[in-house]
Amino acid sequence: MLKRYFTSSVKCLNGKVHFEPVYANLLRQECFKPLAEELPKKYGQLDPYELSEFVNKALAKQSLNTEQVIPIHNKMIEELSRYEYGISTVHAKKLEQIGGQLSEKSLLEIIRNNPGRVHDSWELLKRFPKEFWVDDLLLAAVENTISRKTYEENGKQILPLKSLAQCMILLQNIDHKQNIKQDVLDVLVGHILEGKISNALQPLLQYGTTSLEPFLERIEELTPYQIYQIYKNFPLDSLKTEEGLFFKIVNTLGKFQKPVFSQEEVQTSDEFKKSLQEFGEFSVLNDLSHSEDLSQEYLQLRQYISENELDKKDLKLALNLLRIEGVYRNNLERALELYHSYLLSHGNKANKLMFEILLSFASQSFKKSNPAMLQYSQVFFPADNSESDTVNIIRTLMLANSKFDVEKSLELYNTNIEAFAKRNEESLESSLITESLIMAYLANQDLNFARVIFEGAIREKILTSHAIIKNLKDLFKTYGEAVEKGNVKDVMQ
């Protein structure tokens with residue numbers, strides 16, 4: 001959930017507000033002196049509406065000129081709108097009737113305290129020429145718009161796209177961007193992340209005062225494009241202190257050649273553009289259709305990691321880099337260089353390092369249809385394995401062998417499945433190995449036998465993991481769609 005922000009300044013008149021000092025300060029202002037004889041001497045028990053009524057009656061009895069009356073109405077708005085917003089409506093109307101102008105502070109208070117039931121802050125601002133749009137006023141409008149109370153009172157549980165578009169445009173019009181509060185940006189970023197309106201991130205992050213907090217609160221839901229924007233807009237010295245987020249950045253830049261956008265992100269981007277279009281604004285957004293090449297970004301990140309020896313201090317990071325280089329970037333030479341250097345810094349975890357190189361060779365043998373590379377991968381078969389390592393090795397060899405002889409994949413499965421299935425009735429290991437066998441047959445475009453294995457393994461309680469069953473159902477669906485499009489081979493690679 002988005003954190004609560006900026007509770008409305010409209011206070012309930014339930015005795016908690018002591019109005020006597022407020023009124024005393026108000027009525028001692030120079031502009032009220034001509035009304036002194038007409039106003040009550042004791043006013044502590046009056047609510048703002050009652051005091052307003054006294055003031056208006058006093059004005060009706062006096063023959064003050066317009067220049068004397070204007071500051072009285074403005075002072076009423078400036079000092080009392082925060083307690084009862086209706087006061088601003090009463091006295092703004094009085095000003096309009098005499099041709100008077102709202103003061104800058106009156107306009108600020110009207111915008112700041114607007115509950116949005118009749119007009120939102122944007123609509124109020126649009127009534128005034130842009131020369132009135134000073135920074136404080138624009139910031140107040142943004143703060144009011146993102147106030148949870150404002151949009152919840154109007155029947156909206158999340159910030160509507162229209163309101164987000166208004167905030168983006170208002171922020172763009174602020175002259176001194178350094179005055180934009182971090183809390184304001186954090187709340188807006190939170191709305192953008194939850195709504196997957198990812199192309200709106202860059203314009204906000206460029207202001208430079210956003211914290212990492214909204215990203216860390218949603219770290220498991222971040223998309224590759226959102227992670228890329230974090231990398232682009234925060235210093236690496238800050239990012240490296242957040243281990244989970246830093247690993248996500250390394251994986252995103254390492255595994256993808258270009259930023260990847262989900263269907264939801266593309267759809268919300270189009271909807272958000274339409275919202276901006278209503279206000280005649282387009283320039284505040286990144287165009288998702290123009291994606292950047294991440295190769296150079298990854299090399300710069302890799303250099304930073306090397307210069308700071310982060311991978312030599314952190315085994316998990318070292319293993320990630322080995323997999324990125326050997327599997328995703330197809331750079332076996334670099335993977336082997338890293339492997340030999342990591343044997344010095346992580347020698348007590350040599351079996352983990354060896355598995356990553358085995359996986360690299362097996363992966364490349366599959367991609368390049370090179371059985372010799374698969375044969376060579378077994379040089380890195382670790383001698384001392386945990387159960388999870390053994391399962392991963394079997395799965396890797398099953399998938400790699402499916403490229404050349406799927407019967408070998410089946411043989412590996414039959415040789416090992418019984419041992420894992422016997423260990424407990426709902427063995428995750430047996431589900432994982434079964435998943436790999438099904439994927440091996442799908443890679444060979446044998447959908448019928450893959451389904452036979454799937455249904456039989458569920459029936460025999462060999463495939464018991466609900467998560468893996470769901471993944472396989474999704475894979476069957478993807479396979480079916482690929483058949484329709486005629487690109488099964490590409491998808492199954």
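As the structure is a prediction and not an experimental result, all values here were calculated from the model.
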Do [X] and [Y] come close enough that some side-chain heavy atom pair is under 4.5 Å?
X      : Y      : result
Val260 : Tyr225 : no
Asp120 : Ser163 : no
Phe261 : Thr223 : no
Asn331 : Ile324 : no
Ser295 : Arg329 : yes
Lys352 : Asp389 : yes

Please name the pair of heavy atoms, one in [X] and one in [Y], separated by the smallest distance, quoted to 0.1 Å.
X      : Y      : value
Ala335 : Ile357 : O-CD1, 3.7 Å
Val90  : Ser52  : CG1-OG, 4.0 Å
Leu442 : Tyr479 : O-CE1, 3.5 Å
Asn74  : Ser103 : OD1-N, 2.9 Å
Leu171 : Lys177 : O-CE, 3.3 Å
Ile192 : Leu204 : CD1-CD1, 3.3 Å

Donor-acceptor list for residues 30-37 side chains, cut-off 3.5 Å, not counting sequence neighbours:
residue: Glu30; atom: OE1; partner: Lys33; partner atom: NZ; Å: 3.0

From [atom1] ([X]) to [atom2] ([Y]), nearest 0.5 Å:
X      : Y      : atom1 : atom2 : answer
Phe19  : Gln45  : CZ    : CD    : 11.0 Å
Leu294 : Leu253 : CG    : CG    : 5.0 Å
Glu264 : Ile197 : CD    : CD1   : 9.5 Å

Does the ring centre of Tyr43 sit less than 6.0 Å away from the ring centre of Phe54? no
Using the side-chain contact (heavy atoms from CB on, under 4.5 Å) rule, pick out the option among Leu319, Asn320, Ile305 that qualifies with Asp311. Ile305
Walk me through it: do Arg112 and Arg82 pass the test side chain to side chain contact (heavy atoms under 4.5 Å, CB included)? CA-CA 8 Å; Arg112 180 176 285 154; Arg82 72 197 68 171; over 6 Å; no
Taking the inter-plane angle between the rings of His346 and Tyr342 on a 0 to 90° scale, is it parallel (under 30°), tilted (30 to 60°) or perpendicular (over 60°)? perpendicular
For the residue pair His73 and His91, does the interplanar ring angle fall in the parallel (under 30°), tilted (30 to 60°) or perpendicular (over 60°) class? tilted
Are there more than 12 heavy atoms of other residues, nucleotides or ligands under 6.0 Å from atom [atom1] of [X]?
X      : atom1 : result
Glu123 : CD    : yes
Gln178 : CD    : yes
Gln29  : CD    : yes
Gln206 : CD    : yes

Identify, with sequence neighbours excluded, every residue that meets side-chain hydrogen bond (donor to acceptor under 3.5 Å, both in side chains) alongside Lys274. none
Which residues satisfy the side-chain hydrogen bond (donor to acceptor under 3.5 Å, both in side chains) test with Lys312, sequence neighbours excluded? none
Which residue pairs pass the salt bridge (Lys or Arg N to Asp or Glu O under 4.0 Å) test with at least one member in residues 197-210, sequence neighbours excluded? none
For Glu337, which residues count as a salt bridge (charged side-chain N to carboxylate O under 4.0 Å, His left out) partner, sequence neighbours excluded? Arg334
Could you give the side-chain donor-acceptor pairs of residues 234-250 under 3.5 Å, partners two or more places apart or in another chain?
residue: Asp237; atom: OD1; partner: Tyr304; partner atom: OH; Å: 2.4
residue: Thr241; atom: OG1; partner: Ser238; partner atom: O; Å: 2.6

